[in-house]
Amino acid sequence: MKLSSKIVVVTGGTSGIGLEAAKLFRDEGATVIIIGQNPARLQAAASELGDSVTLLRGDVSKPADIESIVEQIRQKFRHIDVLFANAGMGLAAPLEAVTEDQIDAQFGVNFKGVFFTVQKTAPLLAKGGSIVVTTSFLNEVGAPGLSILSATKAAVRSLVRSLGAELAPRGIRVNAVSPGPISTPFHGKLGLSETQLNQAASAIEDQVPLHRFGEAGEIARAALFLASDDSSFMTGSELVADGGMSQF
Ligand SMILES: NC(=O)c1ccc[n+]([C@@H]2O[C@H](COP(=O)([O-])OP(=O)(O)OC[C@H]3O[C@@H](n4cnc5c(N)ncnc54)[C@H](OP(=O)(O)O)[C@@H]3O)[C@@H](O)[C@H]2O)c1
């Protein structure tokens, strides 16, 4: 049991990587709290995760929502040991089609959401606590149509270093897990047609040195390593789990 008696918060815990992480962390002994915004997906996650997991609803792009969630956590649990700041979204568009709203939406969730989640949970984090942030292989690899999503993740990679340095004196570690292309509902929300998605999927399988999409559970296990004391001498770093996509 790597997270025995730990209190763990997972944002974006209703789907994909966050949902698999919530299951794994629960099975490793943690008391798990997940955050999502979509009521139907929260409901579905509730039946999948069972009664021992607490579900809270909020939009991480709204600091007031995060504040209210953190207050609920403070009242019920008093402190947090692990934060997995994983909620994220993306919108695909080529240079000429990118709009201001698309930029605000992606930076709102992926950057502002992570920043304020860390800022507002930090007072509850215990000494020895661990923050894990989900970045992306897109930090390192240029992909047509994903310029803004990639930039949000590069910004968050930078945050992990800065916030790691700020929180180190309190004994709190901050690291990133960087997934490659993973089979989750994420891709279906990019705004691409079925044909475009299928073309992108076969191009990705060609590009990934291991010639496949990763599974959400593979990223959950990397996040578990960073969340637990197994990574006790790591902070400010990024653990890449991308089938070699950014390495060769
Ligand atoms: N899948 C990939 O290929 C891939 C690759 C690299 C990095 N990542 C990163 O991995 C993380 C998880 O993505 P995933 O693949 O697991 O996608 P996913 O299945 O679409 O899950 C995304 C999660 O984020 C939550 N979320 C999105 N916007 C939110 C908001 N405004 N407020 C609160 N929660 C919000 C969603 O909740 P709702 O359903 O309630 O909206 C959902 O639980 C993201 O940060 C993503 O950028 C994914």
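From a predicted model like this one, the values you see are computed outputs, not experimental measurements.
Taken to the nearest 0.5 Å, the OG1 atom of Thr14 stands 8.0 Å off from the CD atom of Gln37. Going from atom CG of Leu125 over to atom CG of Asp81 covers 8.0 Å, rounded to the nearest 0.5 Å. In this structure, the separation between CD1 on Ile17 and CZ on Phe186 is 8.5 Å, given to the nearest 0.5 Å. Between the CG atom in Leu163 and the CG atom in Asn175 there is a gap of 12.0 Å [rounded to 0.5 Å]. Here NZ of Lys6 is found 9.5 Å from OG of Ser228. Values are rounded to the nearest 0.5 Å. Note: Thr121 OG1 to Leu83 CG = 4.5 Å, rounded to the nearest 0.5 Å.
Within the 4.5 Å cutoff, the side chain of Ile73 has heavy atoms near those of the Val9 side chain. No side-chain heavy atom of Leu91 sits under 4.5 Å from any side-chain heavy atom of Ile148. The side-chain heavy atoms of Phe213 and Thr184, taken from C-beta on, include no pair separated by under 4.5 Å. Contact annotation: the side chain of Ile66 never approaches that of Ile69 to less than 4.5 Å [non-hydrogen atoms, C-beta and beyond]. Under the 4.5 Å side-chain criterion, counting only non-hydrogen atoms from C-beta, Phe116 is not in contact with Val60. Annotation: side chain of Arg157 is in contact with side chain of Val160 (closest heavy-atom distance under 4.5 Å). Looking at Lys189 and Met89, their side chains never come closer than 4.5 Å, going by heavy atoms from C-beta outward. Side-chain contact between Leu3 and Val8 is present, with heavy atoms from C-beta onward closer than 4.5 Å.
Of the possible polar contacts, none joining the Arg173 side chain to the Thr235 backbone as a donor-acceptor pair under 3.5 Å is found. With Ser246 contributing its side chain and Phe137 its backbone, the two residues share no donor-acceptor pair below 3.5 Å. The main-chain N or O of Thr134 is found under 3.5 Å from a side-chain atom of Lys153 such that the two form a donor-acceptor pair. The main-chain N or O of Phe111 is never found under 3.5 Å from a side-chain atom of Thr152 such that the two would form a donor-acceptor pair. Looking at Asp230, its side chain never comes within 3.5 Å of a backbone N or O of Phe225 through a donor-acceptor pair. Here the side chain of Glu218 pairs a donor or acceptor atom with the backbone of Glu215 at under 3.5 angstrom. Remark: side-chain polar atoms of Ser231 are paired, donor with acceptor, to backbone N or O of Leu226 under 3.5 angstrom. Not a single donor-acceptor pair under 3.5 Å links the side chain of Asp242 to the backbone N or O of Gly180. At distances below 3.5 Å, not a single donor-acceptor pair connects side-chain atoms of Arg170 with backbone N or O atoms of Gly129. One N or O on the side chain of His187 and one on the backbone of Ile182 form a donor-acceptor pair closer than 3.5 Å.
Each of Val82 and Val174 belongs to its own hydrophobic cluster when Ile, Leu, Val, Met, Phe, Trp and Tyr are linked at side-chain heavy-atom distances under 4.5 angstrom. Hydrophobic clustering, with ILVMFWY side chains joined whenever heavy atoms are under 4.5 angstrom apart, groups Ile172 together with Phe115. Linking ILVMFWY side-chain heavy atoms closer than 4.5 Å, directly or via other members, places Val118 and Phe107 in a single hydrophobic cluster. Note on Leu124: it does not cluster hydrophobically with Val10, by side-chain heavy-atom contacts below 4.5 Å among ILVMFWY residues. Note on Leu149: it clusters hydrophobically with Leu192, by side-chain heavy-atom contacts below 4.5 Å among ILVMFWY residues.
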Side chain to side chain contact (heavy atoms under 4.5 Å, CB included) between His79 and Ile7, intermediate numbers included: CA-CA 7 Å; His79 81 279; Ile7 297 174; 3.8 Å; yes
Audit row: Asn139, Glu238, side-chain hydrogen bond (donor to acceptor under 3.5 Å, both in side chains) steps and yes/no: CA-CA 11 Å; Asn139 287 346; Glu238 184 177 55; 2.6 Å; yes
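Comment: Arg41 does not engage Glu48 in a salt bridge, judged by the lack of any side-chain N to carboxylate O separation of less than 4.0 angstrom. Using a 4.0 Å cut-off between a side-chain N of Lys or Arg and a carboxylate O of Asp or Glu, Glu67 and Lys120 qualify as a salt bridge.
Among all heavy-atom pairs drawn from Ser61 and Pro63, the shortest one is O-CD, 3.5 Å. For the residue pair Pro209 and Met245, the shortest heavy atom distance occurs at CD-N, 3.6 Å. Between Leu55 and Ala46, the shortest heavy-atom contact is CD2-N, 3.6 Å. Counting all heavy atoms, side chain and backbone alike, Gln119 lies closest to Pro123 at O-CD, 3.3 Å. Nearest approach of Ala87 to Asn110, heavy atoms of both residues: O-OD1, 4.4 Å. Between Ala45 and Gly13, the shortest heavy-atom distance links the atoms CB-O, 4.5 Å.
Checking Thr11 against Asn86 by side-chain atom types alone, no donor-acceptor pair falls below 3.5 Å. Neither side chain, Ser52 nor Arg26, offers a donor N or O lying under 3.5 Å from an acceptor on the other. For the residue pair Glu205 / Ser202, no side-chain donor-acceptor distance below 3.5 Å is found, with atom types taken as modelled. A donor atom on one side chain and an acceptor atom on the other are not found under 3.5 Å apart for Thr99 and Asp101.
Other residues, nucleotides and ligands contribute over 12 non-hydrogen atoms within 6.0 Å of the CD atom of Gln75. In Lys76, the NZ atom is not crowded: 12 or fewer heavy atoms of neighbouring residues, nucleotides or ligands sit closer than 6.0 Å. Environment of CD in Glu71: crowded, with over 12 heavy atoms of neighbouring residues, nucleotides or ligands closer than 6.0 Å.
Among Val156, Leu239, Val240, Val177, the single residue meeting the side-chain contact (heavy atoms from CB on, under 4.5 Å) criterion with Thr135 is Val156.
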